[in-house]
Amino acid sequence: MTATANTTGATTSTVGALIRAGAVATVAASAATMAVAAVGQLAGVSLDVGGAPIPVTGFGVLTAAFSLIGLIIAALLARFARRPRRTFVRTTVVLTVLSLVPDLIADASTATKALLMLTHLVAAAIVIPAVARRLAA
């Protein structure tokens with residue numbers, strides 16, 4: 001007698017949980033980055049980069065776009081990586097650090113650069129742990 005395991009159902013529910021957690025984290029991170037940008041603007045920090053203003057909603061849109069890219073990376077790692085959680089965290093931390101480079105070299109005031117970097121870190125602090133919790137160790 002042989003036994004077979006049904007891994008299809010487990011994989012589907014894991015991917016479903018990953019997508020749900022990622023979607024919730026994406027919405028939360030988008031709202032948080034818009035809030036950080038709005039508070040910064042109210043505190044007198046310019047949102048001008050290269051002479052053009054970044055709308056507060058732009059922070060949310062870009063946060064959502066890059067969070068969804070992170071979610072795609074997580075789904076691929078869940079399928080193909082030997083240690084998906086560890087690989088995801090390492091990859092996204094490196095990508096977060098790299099995302100700060102354009103802010104450092106942007107044509108903007110020091111306060112604006114700091115605010116831009118803060119929004120990246122806020123988004124990462126929300127999305128990375130939420131998605132990583134749903135990946136196999």
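Predicted model, so just to flag it, every value in this text is computed and none were measured.
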Atom pair [atom1]/[atom2] of [X] and [Y] - distance to nearest 0.5 Å:
X: Leu62; Y: Met34; atom1: CG; atom2: CE; value: 11.5 Å
X: Leu121; Y: Leu116; atom1: CG; atom2: CG; value: 11.0 Å
X: Thr92; Y: Leu77; atom1: OG1; atom2: CG; value: 9.0 Å
X: Leu135; Y: Arg86; atom1: CG; atom2: CZ; value: 14.0 Å
X: Ile73; Y: Phe66; atom1: CD1; atom2: CZ; value: 10.5 Å
X: Ile69; Y: Leu95; atom1: CD1; atom2: CG; value: 10.0 Å

Any pair with a residue in residues 110-126 that passes side chain to side chain donor-acceptor pair (under 3.5 Å), sequence neighbours left out, goes on the list, sorted by first then second residue, please.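 As it turns out, the side chain to side chain donor-acceptor pair (under 3.5 Å) pairs with a partner in residues 110-126, which skip direct neighbours, are Ser99-His120, Asp103-His120, Ser109-Thr112.
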
Out of Thr26, Thr33, Leu68, Ile126, which one pairs with Thr63 under the side chain to side chain contact (heavy atoms under 4.5 Å, CB included) rule?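 The single option meeting the side chain to side chain contact (heavy atoms under 4.5 Å, CB included) with Thr63 is Thr33.
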
Knowing that exactly one of Leu104, Val122, Thr96 qualifies, which makes a side chain to side chain contact (heavy atoms under 4.5 Å, CB included) with Met117?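 Option passing the side chain to side chain contact (heavy atoms under 4.5 Å, CB included) with Met117: Leu104.
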
Hey, any chance Val127 and Val93 share a hydrophobic cluster, counting ILVMFWY side chains that come within less than 4.5 Å of each other, even indirectly?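 Yes.
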
Closest contact, heavy atoms only, [X] versus [Y]:
X: Ala23; Y: Leu71; value: N-CD2, 4.3 Å
X: Ala64; Y: Ser30; value: N-OG, 3.4 Å
X: Val131; Y: Ala74; value: CG1-CB, 3.5 Å
X: Thr87; Y: Ala81; value: OG1-CB, 4.3 Å
X: Arg133; Y: Arg85; value: O-NH2, 3.7 Å
X: Ala136; Y: Pro84; value: O-CD, 3.5 Å

Where the side chain of Arg83 meets the backbone of Ala137, is there a donor-acceptor pair that is under 3.5 Å apart?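 Here the side-chain-to-backbone pair does not exist.
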
Heavy-atom check, side chain of Ile128 versus side chain of Phe88, under 4.5 Å: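 Side chain of Ile128 against side chain of Phe88, heavy atoms only: contact under 4.5 Å found.
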
